[in-house]
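Residue numbering restarts at 1 for every chain, and letters A, B, ... go by the order of the sequence lines. Note that the structure is a prediction, hence the values are computed from the model and not measured.
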Protein chains: 2
Amino acid sequence: MVALPLMSGMPTIVDMPLPEHPRMSDVAARAGVSLSTVSRALRGASGVAPAVRAEVERAAAELGYVVSRGASSLVTGVTGRIAVLVPFLQPWFFGVALAGVSTRLRASGQDMLVYQVGDVDELDAYVRSLPLRSNVDAVIAVALDLGDTAVARLDEIGLPVVFCGRRVPGRACVFTDDTAAAAGATRHLLNLGHRRVAYVCSRDQTGFSWSSRDRLRGYEAAMAEAGAEAVVVTEPPGHQGGALAMARLLSMAEPPTAVFAESDDVAMGVLQVARRSGIDVPGDVSVMGFDDNDVAALLDLTTVAQPVTEMGERAAELAVRAVRAAGPVRDHVHLDTRLVVRQSTAVPRSRREGPAGGTEQRG
Amino acid sequence: MVALPLMSGMPTIVDMPLPEHPRMSDVAARAGVSLSTVSRALRGASGVAPAVRAEVERAAAELGYVVSRGASSLVTGVTGRIAVLVPFLQPWFFGVALAGVSTRLRASGQDMLVYQVGDVDELDAYVRSLPLRSNVDAVIAVALDLGDTAVARLDEIGLPVVFCGRRVPGRACVFTDDTAAAAGATRHLLNLGHRRVAYVCSRDQTGFSWSSRDRLRGYEAAMAEAGAEAVVVTEPPGHQGGALAMARLLSMAEPPTAVFAESDDVAMGVLQVARRSGIDVPGDVSVMGFDDNDVAALLDLTTVAQPVTEMGERAAELAVRAVRAAGPVRDHVHLDTRLVVRQSTAVPRSRREGPAGGTEQRG
DNA sequence: CTGTTAGCGCGTTCAT
DNA sequence: ATGAACGCGCTAACAG
């Protein structure tokens, strides 16, 4: 083997192609000032002569220089990053919520780190060991119940937490009143004249609560209030669960005349089975959803609309505020839902054909 | 005002509540070794006596110590973060793709930074100034055409780029053959006996390509091959565009007997208008989608399925490899699509009622 | 208003 | 196999 004469200190082919990014010292040299001045100027700190500031900015622009966040966060402790925890990434809700968060964070130049924590164990693993240490400035938990231990851990680290989609006493959170909304939706069905109103809720397989319990409570309250008997069917999440639920409801001795599904997704399974069974909606049965996702409009589904994008934006807003305040932010942001009445709900057949009379049609 | 005797150097109430995280020196002290040894041990580097390594790990665990990525990336240049660029966050496709990326990155302990770049200007702004400098190790562009200048800029910085959902010569990418898939879907309709097959494509408002052009090409090729005349209707994206398109198609002198929509989302608008117009699907008109999103199954839509989750996973895989290799990775990962035949496509009515005979039903 | 100094927490040479 | 020094790129205290 031939010994190649590689003198150290001499540039070799190896270190030439490194496209060395300009550093702050390069900018300083070009602008003819010191490092601190560059730092101050670029950071918008006070105490820099306007002319000097302009000169520094020009030099930076010409060099294509961008401050290294990694380096500055090492000393400031601020990373410019915010973590968003979601149980799933696929469902409509989370995409929309993330879009809201993203929009808000872009406005303040923060970056969005997204973690999918499918079950409580993953969540725990995330909170425990992974990348919290000097990795993010705040955490936004979307439609997620962080356990007490997880929250305690975040507190210990001094990391602000914002809950999005769930009301948590004593914590920064943005939420809608699921219970009241579900009660309102149920009352709408009752007011139409329905008595047998069934509720389809999804089994909580992952240990999280998707506001599921709250909606159930609202339904039950409204039913009790009206003296009607609650009929609750529990199936797996998603439209498949909705389909299973509807199949079960249709095999009851006295099938319901109205079905309130926990979410639009579930409602779609209900609609599918209804259609395939030749059951007219809303003629034979009314169907109510929850969410107002983009398919709901398409299917003419009456549903409860939540301002999901705004929830994301507001949650991000709280997170940013918490970072800036460097102290606890405990705001509760309560957003309104609204009932969107479409074609999937109507007066029950019994009412139309009954003694009340009117312009009802038969056959 | 009373002057408070605050001696510097003396701990005040201000710096006491800071929940000081343990640093590497704390671990070193507790294990009775030096910083370098702790660093080596925790990083799994060679040259540490097994006993010492165990001792260090124990000390770290007891202190709840986690290595600061910020600090280590300052010296190694590796951030452990990968940026994912998406044009939108809401559509089904992106949620699923992100889930794939997330899963793969979790496996190697990388974090996922998500940026929504709604139009080319935002993209440019992102690539140009924002957080690239020592902020991420690689970039995954999902269903996005990075312009040449943007790519050149990333090259300049030395940041690996992986394209997900689009074939880019000379670049790492994972993709499906949209042209072939669209051609296959079109041929399926032609083989059923349809001659007037319309294509609904969405206007590219943002300057991005959603594989739209490729699918159109496949459709046109298959039509030409069969000697059939191409009928292309262009409308805004989403199901609203699909609805508009179907309305236009239905007002033609000779409406098509089959409609091939660029995406399932568009197809849903087509289905909606068909249903509202009392047009039977597939009796009067066949409808074909593209994507196989979760609603397609619900609506019995025949469509082209893409392995979106796998696309995300493979893209992340390439990104991780590029980071490790520290050199260019140019793999092309070609994934297969498949036609999912459901109830929205069938032999055209003319064929069923025509001279071919058979067990067709009338009325 | 500006420059100088001293670290932020860690990886990486070198010695030993 | 281990430890001491140095520096990653930047900000924060000081001095001038």
Sugar-phosphate only, base, or nothing, as touched by B:Arg40 at under 4.0 Å among non-hydrogen atoms: base

I'd like to know if [X] pairs up with [Y] as an ion pair, taking the criterion as any Lys NZ or Arg NE/NH1/NH2 lying under 4.0 Å from an Asp or Glu carboxylate oxygen.
X: B:Asp331; Y: B:Arg321; value: yes
X: B:Arg58; Y: B:Glu62; value: yes
X: B:Asp111; Y: A:Arg81; value: no

Distance in angstrom units between [X] [atom1] and [N] [atom2], rounded:
X: A:Leu35; N: D:dA12; atom1: CG; atom2: C1'; result: 13 Å
X: A:Met24; N: D:dG9; atom1: CE; atom2: P; result: 12 Å
X: A:Asn135; N: C:dG9; atom1: CG; atom2: P; result: 15 Å
X: B:Leu42; N: C:dT12; atom1: CG; atom2: C1'; result: 16 Å
X: B:Arg23; N: C:dC10; atom1: CZ; atom2: C1'; result: 12 Å
X: B:Leu74; N: D:dC6; atom1: CG; atom2: C1'; result: 13 Å

From the set [options], return the single nucleotide nearest to any side-chain atom of [X].
X: B:Val75; options: D:dG9, D:dT11, D:dG7; value: D:dG7
X: B:Ser39; options: C:dT12, C:dG9, C:dT2; value: C:dT12
X: A:Thr76; options: C:dT2, D:dT2, D:dT11; value: D:dT11
X: B:Ala49; options: D:dG3, D:dA1, C:dG11; value: D:dA1

Tell me whether the OP1 or OP2 atom of [N] has a side-chain N or O from [X] closer than 4.0 Å.
X: B:Ser34; N: D:dG3; value: yes
X: A:Thr37; N: C:dG3; value: yes
X: A:Tyr65; N: D:dG9; value: no
X: A:Arg43; N: D:dC10; value: no
X: A:Ser72; N: D:dC10; value: no

Audit row: A:Arg171, A:Val151, side chain to side chain contact (heavy atoms under 4.5 Å, CB included) steps and yes/no: CA-CA 10 Å; A:Arg171 296 281 168 181; A:Val151 174; 3.3 Å; yes

Nearest-nucleotide comparison on DNA chain D, the residue closer to the 5′ end among A:Ala71 and B:Gly32: B:Gly32

Where A:Glu313 and A:Arg104 come nearest, the two heavy atoms and their spacing: O-CG, 3.6 Å

No-H, no-angle donor-acceptor pair, B:Arg69 side chain to C:dG9 base, under 3.5 Å: no

base_contact_polar (C:dT4 base, A:Ser36 side chain, donor-acceptor, <3.5 Å): yes

